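For the single chain, residues carry numbers from 1 onward in sequence order. A quick note: this is a predicted structure, and the numbers were derived from the prediction, not measured.
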Amino acid sequence: MESDLDRLIDTAVALIPKDSIIYRMIADIREWRERESDWRKARELLAAEYGYDKYGGNCHIVPNHGLIILSLLYSEDSFQKSQMIVNTAGWDTDCNAANVGCIMGIKNGLEGIDAGADFRTPVADRLYIPTADGGRAISDAVIETYHIVNIGRALAGLDPVAPKDGARFHFNLPGAVQGFVPEDSSEVQGTTKVYNVEGYSREGTRSLAIEYNHVAPGRPARAATATFVPESAIEMPGYQLLASPTLYPSQQVKARIVADEQITGEATCQLYIRVYNDQDRLTPVYGPAVHLIPGVEHEFQWTIPDTGGYPIAEIGVEVSSTSRADGRIYLDYFTWGNTPTTVFRRPDAGGKMWLRAWVNGVSEVYTGADMYRLIQNEGTGLLIQGMREWTDYQVTTKVTPHLAKSAGIAVRVQGMKRYYALLLTTEGKIQLVKALDDTTVLASQDLAWEYGQTYELSLEVVGNRLRGWVAGELVFTYEDTDGPLTEGAIALVCEEGRVAVDSVALTAVEA
């Protein structure tokens, strides 16, 4: 009897050329399944006919694809069993398990994932995405779900959906914790649990419960979510996490909590961030606090203070007490504003994570006598920091070109090939350019600049209007009416050569 998975595979196979290896392999695996009930024996047949010894490279698509099909067909329509098979079978387990999990997750939904071993709690919705658009790198399953949903709605001519007035963390999907996990340090271990619950929301349907137990002096409860590269991911051989922070000084954080009716003891709830220091370790910085009263809600507002150039790695909630306290608070939402006003600079005490906050798209980047020294061997390189949510702002820095074909600053950066830039060029010009796959010069004029000399450049973008300055003198005003870039990060630009750059000032501008 043909299963749902068989019908799903039939649909996919219909798109595959009949004379291809993949087509033949799928047919073979289906035949083996008909006569052999043990997936292990089918795996032996697959290895003998289509194994890694037959196909070159590290992780060839043919044997990997074979394990995906085998795991699906032998799974008995179980997410849990499909994961057991694909991981036990070996070979390229990370990629194969992800592909099988994606297919089975879409097909059977949350009920299928939750039907056995707890896959969701350890992951806590966290996603680290490899992308030159570094502000998208630290994400979670809920954020990405709404990105995908809203792409579909845009294609259908519908307005986007944004629960709880567009809050970054809204917890409005079943089981959603959006990266919030209890701190695992010896100081607080065992005091905290987090889970999703219905209710306790002003504008939505669900909230994040933060349960605290046996909180006492020196034993607070803490739950936080990452805003930058976590300590555990600083060293990742072969798979280094490139990311920009999602939270910056001057941004205003807003969060709403509701205290449970059954809390016991005297307790205080406080927001906090953890910031990298000169030893590349996390240091807490505390924000506003409120005394918890049973059943009472509170909305926090906190303007993130200057961190001395160090990146913010996480943000969270702490519950503390001067005597034993137990209970729950419900986090309705946690969010912050768009573009910050801040300065990107080397911290006085050193460390390396401040430089890691820039997504490195150049051949080499150093810091020494110069705040930033960029070297690009071929083509155009970018050193990028910031978020897609940044819209209207001005960026200012001092640039010293050394044998560079062009050098300058960029705004509304959406990866390596999408941005506006203000550039000094070897032709003795200052240019305003737009990169949207190809590069277009929007405006250009002569400027008798010299190598080794320092020039202050400023580029402002508000709506579709760009303005550029050199040494405080306005040189360009341009309105882009041809598919303008509407949002994005900032970048330092170097084309084939070397350039030194000073600290970078970012200023939010009202439209």
Go through it in stages, so that I can follow the logic: the residues are Glu299 and Arg256, the test is salt bridge (Lys or Arg N to Asp or Glu O under 4.0 Å), and I'd like the CA-CA distance, side-chain angles, deciding distance and then a yes or no. CA-CA 4 Å; Glu299 185 173 58; Arg256 178 178 178 268; over 6 Å; no
request  = Mind running side-chain hydrogen bond (donor to acceptor under 3.5 Å, both in side chains) on Asp332 and Tyr200 for me, showing each step along the way?
outcome  = CA-CA 7 Å; Asp332 181 5; Tyr200 304 99; over 6 Å; no
TODO: Begin with the C-alpha distance, continue with both residues' side-chain angles, and end with the deciding distance and a verdict on side-chain hydrogen bond (donor to acceptor under 3.5 Å, both in side chains) for Asn172 and Thr205.
DONE: CA-CA 6 Å; Asn172 216 40; Thr205 58; 3.3 Å; yes
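Here Glu314 does not pair with Arg126 in a salt bridge; the nearest charged N to carboxylate O distance is not below 4.0 Å. Salt bridge annotation for Glu187-Arg222: present, with a cationic side-chain nitrogen under 4.0 angstrom from a carboxylate oxygen. For the pair Arg35 and Glu31, the salt-bridge criterion is met [side-chain N within less than 4.0 Å of a carboxylate O]. Of the charged side-chain nitrogens involved, at least one lies within less than 4.0 Å of a carboxylate oxygen, so that Lys107 and Asp77 count as a salt-bridged pair. Residues Arg153 and Asp159 are not paired through a salt bridge, judged by the lack of any N-O separation under 4.0 Å between the basic side chain and the carboxylate.
Counting non-hydrogen atoms of other residues, nucleotides and ligands closer than 6.0 Å to CG of Asp437 gives a total above 12. Within a 6.0 Å radius of CG in Asp165, other residues, nucleotides and ligands contribute 12 heavy atoms or fewer. By the 6.0 Å contact criterion, CZ on Arg418 is open, its count of non-hydrogen atoms from other residues, nucleotides or ligands being 12 or less. In the displayed structure, Lys41 atom NZ is contacted under 6.0 Å by at most 12 heavy atoms of other residues, nucleotides or ligands. The environment of NZ in Lys254 is sparse: at most 12 heavy-atom neighbours from other residues, nucleotides or ligands sit within 6.0 Å. Annotation: Arg24, atom CZ; neighbour count of heavy atoms from other residues, nucleotides and ligands within 6.0 Å is above 12.
For the pair Arg43 and Trp91, the distance from NZ or CZ to the six-membered ring centre is under 6.0 Å and the angle to the ring normal is within 45 degrees.
Between Phe334 and Phe300, the ring centre distance reaches or exceeds 6.0 Å. Ring centroid separation for the pair Phe180 and Phe169 comes in under the 6.0 Å cut-off.
Met104 places none of its side-chain heavy atoms less than 4.5 Å from the side chain of Gln83. In this structure the side chain of Ile234 reaches within 4.5 angstrom of the side chain of Lys352, judged on heavy atoms. Ile329 has its side chain out of reach of Asp260: every pair of non-hydrogen atoms, C-beta onward, lies at least 4.5 Å apart. You'll find the side chain of Glu389 stays beyond 4.5 Å of the side chain of Thr391, heavy atoms only. Residues Pro174 and Asn196 are not in side-chain contact: their nearest non-hydrogen atoms beyond the backbone lie 4.5 Å or more apart. Side-chain atoms of Pro182 and Val194, non-hydrogen and from C-beta on, do get closer than 4.5 Å to each other.
Residue Cys269 comes nearest to Val317 through the heavy atom pair SG-CG1, 3.4 Å, listed as atom of the first residue, atom of the second, then distance. Of all heavy-atom pairs between Ile129 and Arg136, the closest is CD1-O, 3.6 Å. Shortest non-hydrogen contact noted between Ser244 and Val359 is OG-CG2, 3.9 Å. In terms of heavy atoms, Ser363 sits closest to Asn377 at OG-N, 2.9 Å. Closest approach of Gln251 and Pro340 over heavy atoms only: CG-CB, 3.6 Å. In terms of heavy atoms, Tyr52 sits closest to Asn58 at CE2-O, 3.3 Å.
Using the six-membered ring where Trp is involved, Tyr393 and Trp390 have ring planes that are perpendicular, over 60° apart on the 30 and 60° scheme. The aromatic rings of Tyr55 and His60 lie tilted to each other, with the angle between the two planes from 30° to 60°. Using a 30° and 60° split on the angle between ring planes, Phe344 and Tyr248 fall in the perpendicular class, above 60°.
Asp140 places no side-chain N or O within donor-acceptor distance of the main-chain N or O of Gly179, the cut-off being under 3.5 Å. Side-chain atoms of Asn150 come within 3.5 Å of backbone N or O of Val161 as a donor-acceptor pair.
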